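Notes follow the structure.
Remember, predicted model here, so these are calculated numbers, not experimental data. Note on naming: letters A, B, ... go to the chains in the order of the sequence lines (proteins, then strands), and numbering restarts at 1 for each one.
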2 protein chains.
Amino acid sequence: MQGHSQPLQNSTAIVANHTPTQNQLLNALSAEVQQRLFPHLERVEMPLGKVLYESGDVMRYVYFPTDCIVSLLYVMENGSSAEISVVGFDGLIGVALFMGGESTTSRAIVQSAGFAYRLLGQRLKDEFNRHGELLHLMLRYSQALITQMAQTAVCNRHHSIEQQLSRWLLLSLDRLKDNHLVMTQELIANMLGVRREGVTEAAGRLHKQGVIDYSRGHILVTNRAKLEQLSCECYAVVKAETDRLLPIQARS
Amino acid sequence: MQGHSQPLQNSTAIVANHTPTQNQLLNALSAEVQQRLFPHLERVEMPLGKVLYESGDVMRYVYFPTDCIVSLLYVMENGSSAEISVVGFDGLIGVALFMGGESTTSRAIVQSAGFAYRLLGQRLKDEFNRHGELLHLMLRYSQALITQMAQTAVCNRHHSIEQQLSRWLLLSLDRLKDNHLVMTQELIANMLGVRREGVTEAAGRLHKQGVIDYSRGHILVTNRAKLEQLSCECYAVVKAETDRLLPIQARS
DNA sequence: TTAACTCTGTGCGCTATCGTACATAGCAGC
DNA sequence: GCTGCTATGTACGATAGCGCACAGAGTTAA
């Protein structure tokens, strides 16, 4: 294989007629909205490896790629990582801006060099902020849900069944009134996407460590603090982000 | 462990003063919006195992749980599954309704029995539909992104490195102009959250099967059709859903 | 040309998880 | 109390992926 010394040089031919409509989302807008929005777009270069934002950063811009690819990457505490999503000319980077969360728990990094148009986040928000309270609440919740999904993906990749079971128990507990769950190991296995036997073993270990009691479809968490220790970071990340996005009064 | 013969019986004590505000999202709304919305809410029982919607179903209602838990579950072609997300009194089921997609690729199933309030989807949409075209486009894109994340989670759980590499190559290819990627195996490994050696081995197998050529940071896909065969269902699912949600003209 | 560096290939022992099979234990209904 | 069903426990070989170590191949710079 040869002849790829300058793989992106063909893009120079395209530069001449670069236009925002090379991004599918921008292209899908009506002429009216395009006329209102396009004057505020700024064409920017997207070199390989450029970080658009880090986990927790408040975003200033949304980016509409034309011929680059950007990865949404989750980086764990120990440094290992997993890609959550890929964005190209078909999408945009920065949904958190109009979702209302302002930041996310992932990093956005350019995976294939090229160009994009960026738009000051405030412009986009201005476009939305006329709208109702209900909408904004729903959007913020959606972002929390997205965070949970992203973390599930990471957890599936990197953590042991015991850690995932701990995370799962905590997530369920947070949505119940007491420390008692009605749930068979078989069903938990379906949820986690693992064998039932794997759950049996992990539950046995949690029991030996004095964290849970259980019997035929009933699970009682007896030491929640320790369960949180045994869980991976995923639980805490999701909880913190959910609390940030939806700072509602404490659970009753 | 005993004394759990009727685990949910304590909820009977709560039934007396059931109110929509037991759901955090509904509770977070202003009195004004609550007054407009609450008359349309209908309290419904959520028995264990009840399926609120299947993958692809058009949703009629959004559900606001008060004391039940609902799992968003992705079911694969071979029947195995993985939970994508959990929803309780902190959230709602049916974001696709206001996202604009009407349906999702996951199943919603009651994991812990209880109650919820439901709202006819059209009511919610009426509340949103006054708003702009840009908003709706952004929301639909967000749903496509959510689909991709959910599928990443499933893929991480169930599929081999070779399948995931195939999926990843296809996702990248769709966002480029030719069949040529500039990407080291090391970086791909970071993206997939696996060892670099694992990528080397999988890439070697793809090469032996005549699907790709590669050399030091360059990958050329020579047989895309076969690559799609070798990929897991995840690629096709994401592509189909993205095309459904954002039916924009074919890539140039 | 040589040196330094980066990327890729390969081997090896280790571990978690899988697939399968079967044994036991708790609960429900007759 | 017996029967049958469902949930849980356990064992065992197979395997995918890991961590590590190092070799070779390609690329860049001196």
Given dC18(C), dT10(C), dA7(D), which nucleotide is nearest the side-chain atoms of Thr200(B)? dT10(C)
Quickly work out the [X] [atom1] to [N] [atom2] distance and round it to whole Å.
{"X": "Arg157(B)", "N": "dT17(C)", "atom1": "CZ", "atom2": "C1'", "result": "10 Å"}
{"X": "Asn156(B)", "N": "dG17(D)", "atom1": "CG", "atom2": "P", "result": "12 Å"}
{"X": "His158(B)", "N": "dC18(C)", "atom1": "NE2", "atom2": "C1'", "result": "12 Å"}
{"X": "Ile212(B)", "N": "dT8(C)", "atom1": "CD1", "atom2": "C1'", "result": "13 Å"}
{"X": "Ile161(B)", "N": "dT17(C)", "atom1": "CD1", "atom2": "P", "result": "15 Å"}
{"X": "Gln163(A)", "N": "dA16(C)", "atom1": "CD", "atom2": "P", "result": "11 Å"}
{"X": "Glu186(A)", "N": "dC27(C)", "atom1": "CD", "atom2": "C1'", "result": "17 Å"}
{"X": "Arg195(B)", "N": "dC12(C)", "atom1": "CZ", "atom2": "P", "result": "14 Å"}

Which word best sums up how the rings of His18(B) and Phe115(B) line up, parallel for under 30°, tilted for 30 to 60°, or perpendicular for over 60°? perpendicular
Could you tell me whether Glu197(A) contacts a base, only the sugar-phosphate backbone, or nothing, with contacts defined as non-hydrogen atoms closer than 4.0 Å? base
Looking at every strand, decide which applies to Gly198(A) at a 4.0 Å heavy-atom threshold: base, sugar-phosphate, or nothing. nothing
Taking only the side-chain nitrogens and oxygens of Gln185(A), find out if one of them lies under 4.0 Å from OP1 or OP2 of dT6(D). no
Please determine whether a side-chain nitrogen or oxygen atom of Tyr214(A) lies at a distance below 4.0 Å from atom OP1 or OP2 of dG9(D). yes
Result for 5'-nearest mapping on DNA chain D, choosing between Arg196(B) and Glu201(B), is Glu201(B)
Just by distance, do the side chain of [X] and the backbone of [Y] share a donor-acceptor pair under 3.5 Å?
{"X": "Asn156(B)", "Y": "Ala153(A)", "value": "yes"}
{"X": "Asp213(A)", "Y": "Val221(A)", "value": "no"}
{"X": "Arg157(B)", "Y": "Leu192(A)", "value": "yes"}

For a quick check under 3.5 Å, do Gln209(B) and Glu162(B) share a side-chain donor-acceptor pair by atom type? yes
Residue mapping more 5' on DNA chain C - nearest nucleotide basis, Arg216(A) or Ser160(A): Ser160(A)
